[in-house]
Each structure stands twice: as structure tokens, then as C-alpha cells.
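Chain naming here is simple, since letters A, B, ... match the order of the sequence lines and numbering starts at 1 in each.
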Protein chains: 2
Amino acid sequence: MTPNPKQGEKSVPHPEVPARPCSVAAALHLVGERWALLAIREIFYGNQRFDRIVRNTGAPRDRLAARLRALEEAGVVERRAYSERPPRFEYHLTEAGRDLAPVLHALLTWGDRWAVDTPPVVFRHRGGPGAEHDLDLASSTCRTCGEEVGPEGLTIEVRAPGWDRAGPVEDS
Amino acid sequence: MTPNPKQGEKSVPHPEVPARPCSVAAALHLVGERWALLAIREIFYGNQRFDRIVRNTGAPRDRLAARLRALEEAGVVERRAYSERPPRFEYHLTEAGRDLAPVLHALLTWGDRWAVDTPPVVFRHRGGPGAEHDLDLASSTCRTCGEEVGPEGLTIEVRAPGWDRAGPVEDS
DNA sequence: CCATGAGAGTTGGAATTTCAAACCCACACA
DNA sequence: TGTGTGGGTTTGAAATTCCAACTCTCATGG
């Protein structure tokens, strides 16, 4: 999979360049495989445990396990034990992982416009109690207040019925 | 791809949603398959013919043909004849396709930082003859002039040796 | 007239990946 | 003692991908 697992050296003396050297391609090589970005989305949402990620992405368990391992190896996520005996881990984003926010934002914005009827998730600015303002995701600027909004002031509003930030709501 | 391309019904009468409704997932469903974004990158670079895209992305020809067809169907690219007899086409971006620029920018920026040693492609502001200023891709703002730069003022500087915007330079 | 070549794909297997479902294991709870 | 939960593996079949070779149409050159 990874051409140079360690970096710095190529085992293959491949003098021919097979494709354009490109950061987009390099990025996709690390995070562009199926399920990878959806797993990262879930971790952004705070769903850091394996089963949650499986449920919310719909990925096959084995694929997700493989992807998370690859992302760990790529330095995008980090596996942190939250229990010894039995060993249990949760996945956190590294700085590189958190730095993928603009990628997800761009995809979200595009998808909102071109890939869905009505946006299932909306990010808003929680100005005060009861006050929820529209947010420009690209600039993290509140359209009402005009000010920049940090993560604290941010509300994720899941509009899709039956779902919230953590996953499907159980309606036993 | 399509959740159930053939079988119109599930054996289980379970109207359960399999995964979180999400614009990111919807977007990836349309443009997240292998080679798709790289093909779009090439079209952005002005390489609109099949062979060019094949050469520059390194994608297998059959995959690329399939991907381009899917992208056309998704309304992201458009196939335009540039010759009858023999029928020849080139691929152009639709509005939806052009709207993917922020996605590619985000991936490029991330890749520049986390996936390559040194950026193989740099976007710059062509202020005047000989004047090339750094550009902040996220905001399309020139770091020197402080002004917004439209597509006309934009230079794509390919730094990878042996490559330019059109593809590998022939050195014979 | 014939050969060569470009452009844009198809085609035919073989090699990989992916999938879904079942299984496993260690523990908690009741 | 039995059931449930969390976090995965394993398995074998199904779907995708890869690659090289092939096709078809025309243009060009000798």
C-alpha cells in the first residue's frame, strides 16, 4: 500500500515518474481511501470509539479497522487506551487530523449544494441562550454578528430525523 | 455505489438508515472514488483530453473512462465534441465541477503540509512582468498586494522537475 | 499504396479489495 | 450462569481494479 512506509527511500529504483507529483494526490493517498474521511468526520463529531464509527459511517468493521490502522500509521489519528483489562481504545485526531477540517468543510459545502436536497447538518453560531446564527463555514464567521467563531461558540445542528451528533437516536 | 442498484427491496422489512445522512458522504459518493478528483485536477489545469488525463494521473485507461462517465452522469463534467469524424471529445467542468476548487485547494494545502516534503506546485500572483507574489489559496488573496486575485492573475508554478502544467516535459 | 501514429477508448482475464456475516475474547452485570 | 458490550478477526464469496493488448477512425509521409 504505502510506497514508502518509512519515507525518504524508495525500494524500487523507479526512474520513471508514473504520475504528476502533486500534493492533492499525496493527500488522497493518505486520506482518500473509502471510509477514511467519514471515519475522521465521526471523530470530529466526538465519536471516538470503534463501534460508534462503524454504526455512523456504515463501514464494514474489517475495513474500518484497516483504515484506522492506516490513518494511525499516517499520523492522522492516534489510538489512546481508555481501559486496560480489557484493552480498549479510542481514536483521537492528531494535529494533522485536526488540520483536515478545511477538507471536510469544503466537501460539506459542496455536498450541501450539489449532492443533497436539503443539508442534513448545519453549523451555527450560538450567540447566547436561544440565539442561533448562521455561520459561514469557509471563514468561520458568523453571518449575523460578523465575528469569528471559535469551536466553543459552534453548534452542530443535526436536522436529519432520527439522528443526532452521536448517532441514530434510539426510539425504543 | 447506489445503495441497491438491482434489488428493489430488502428481505428485511427494516426501514433503517444504514449511515448518517451527511453532505460529506454524499459528496464523496459522487467525487470520492479513486482517480475522480485527480481527473478533475487535470481538467482544472486545462488538460481536457483523455490521453492527457491518463498520462498525468496515472490512472488505468478503463478506470478513467468509467470515472469520467460517472462524473458526467453526476453533472460534474461535460463532454464536448471537438471533432466529428473521427468523433473526439474533451472534458469540461460544469458549474458543479468548477465549484470543487475549494475541495482541491483544501487537499492541496493539507498535502503540502502533511503529505509531501516540498510542494511540487505553487500558486502565485502575477502582479506584473516578472513579479510573482505568494498567494493565500484559502482566500485567493495575494500576500504581498493584499488584494483578491482572480483566475486571470493566477500563475501555476510547477516546481517538480520534468513536469509542467500540461504534463511531463519531453526531453529529447 | 502502405506504414506509422495519434486519439479515444474496449476487452479479457488475473489480481486485489471489499463486503457481510459469523466468530472470538475479555470482562461487566444481574 | 447467562446475557450483553466493546473491539475487533476470520472467512469465503462478490465486486472492483489493474494491466496489457486490441480496436477503430482518421491523418500524415514516403
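Side-chain contact, B/R126 with B/T155: a donor N or O sits under 3.5 Å from an acceptor N or O.
One atom, CG of B/N56, and another, P of C/dG7, lie 13 Å apart when rounded to the nearest Å. At whole-Å resolution of the value, CG in B/L68 and P in C/dG7 are 16 Å apart. One atom, CG of B/N47, and another, C1' of C/dG7, lie 15 Å apart when rounded to the nearest Å. At whole-Å resolution of the value, CZ in B/R52 and P in C/dA6 are 13 Å apart. Rounded to whole angstrom, the span from the CG atom of B/L64 across to the P atom of C/dT10 amounts to 11 Å. In this entry the distance linking CD of B/E84 with P of C/dA8 reads 14 Å, nearest Å.
Remark: A/H105 pairs with no residue by the ring-ring contact (aromatic ring centres under 6.0 Å, His included) rule, at least two apart or across chains.
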Please write out each protein N/O paired with an N/O of nucleotides 1-4 of chain C under 3.5 Å, distance rounded to 0.1 Å.
none

Using atom names, set out every protein N or O paired with an N or O of nucleotides 4-6 of chain D below 3.5 Å, distance rounded to 0.1 Å.
unit_1	atom_1	unit_2	atom_2	d
D/dG6	O3'	A/Y82	OH	3.1
D/dG6	N2	A/R88	NH2	3.1
D/dG6	N3	A/R88	NH2	2.7

With 3.5 Å as the limit, what N/O pairs link the protein to nucleotides 18-21 of chain C?
unit_1	atom_1	unit_2	atom_2	d
C/dT18	OP2	A/R63	NH1	2.6
C/dC19	OP1	A/R34	NH1	2.7
C/dC19	OP2	A/W35	NE1	3.0
C/dC19	N4	A/D62	OD2	3.4
C/dA20	N6	A/D62	OD2	3.2

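Using a 4.0 Å heavy-atom criterion, one finds that A/R55 contacts no nucleic acid atom at all. Among the heavy atoms of the strands lying under 4.0 Å from A/R79 are primed sugar atoms or P, OP1, OP2 only; no base atom is included.
Applying the ring pair (Phe, Tyr, Trp, His ring centres under 6.0 Å) definition to pairs two or more places apart or across chains, those involving residues 132-155 of chain A are A/H125-A/H133.
No side-chain heavy atom of A/V169 sits under 4.5 Å from any side-chain heavy atom of A/W163. Side-chain contact between B/R20 and A/N47: present, with at least one pair of heavy atoms (C-beta onward) separated by less than 4.5 Å. Within the 4.5 Å cutoff, the side chain of A/F123 has no heavy atoms near those of the A/D134 side chain.
OP1 or OP2 of C/dG9 lies within a sub-4.0 Å distance of a side-chain N or O belonging to B/Y91. Phosphate proximity of C/dG7 to B/R85: absent, as no side-chain N or O sits under 4.0 Å from OP1 or OP2.
Relative to the six-membered ring of A/F89, A/R79 meets both conditions, a distance below 6.0 Å and an angle of at most 45° to the axis.
The distance from the CZ atom of A/R61 to the CG atom of A/D51 is 4.5 Å, given to the nearest 0.5 Å.
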Walk me through whether B/R80 and B/E90 qualify under salt bridge (charged side-chain N to carboxylate O under 4.0 Å, His left out).
CA-CA 5 Å; B/R80 240 177 257 169; B/E90 51 192 15; over 6 Å; no
Quick one: side chains of residues 93-104 of chain B, donor-acceptor pairs under 3.5 Å with protein atoms, not counting sequence neighbours, listed by atom name and distance.
unit_1	atom_1	unit_2	atom_2	d
B/T94	OG1	B/G75	O	2.6
B/T94	OG1	B/V76	O	3.0
B/T94	OG1	B/A96	N	3.3
B/T94	OG1	B/G97	N	3.2
B/E95	OE2	A/R113	NH2	2.8
B/R98	NH1	B/L93	O	3.0
B/D99	OD2	A/R113	NH1	3.2
B/D99	OD2	A/W114	NE1	2.7

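Residues B/R55 and B/G167 share a closest heavy-atom pair of NH1-CA, 4.4 Å.
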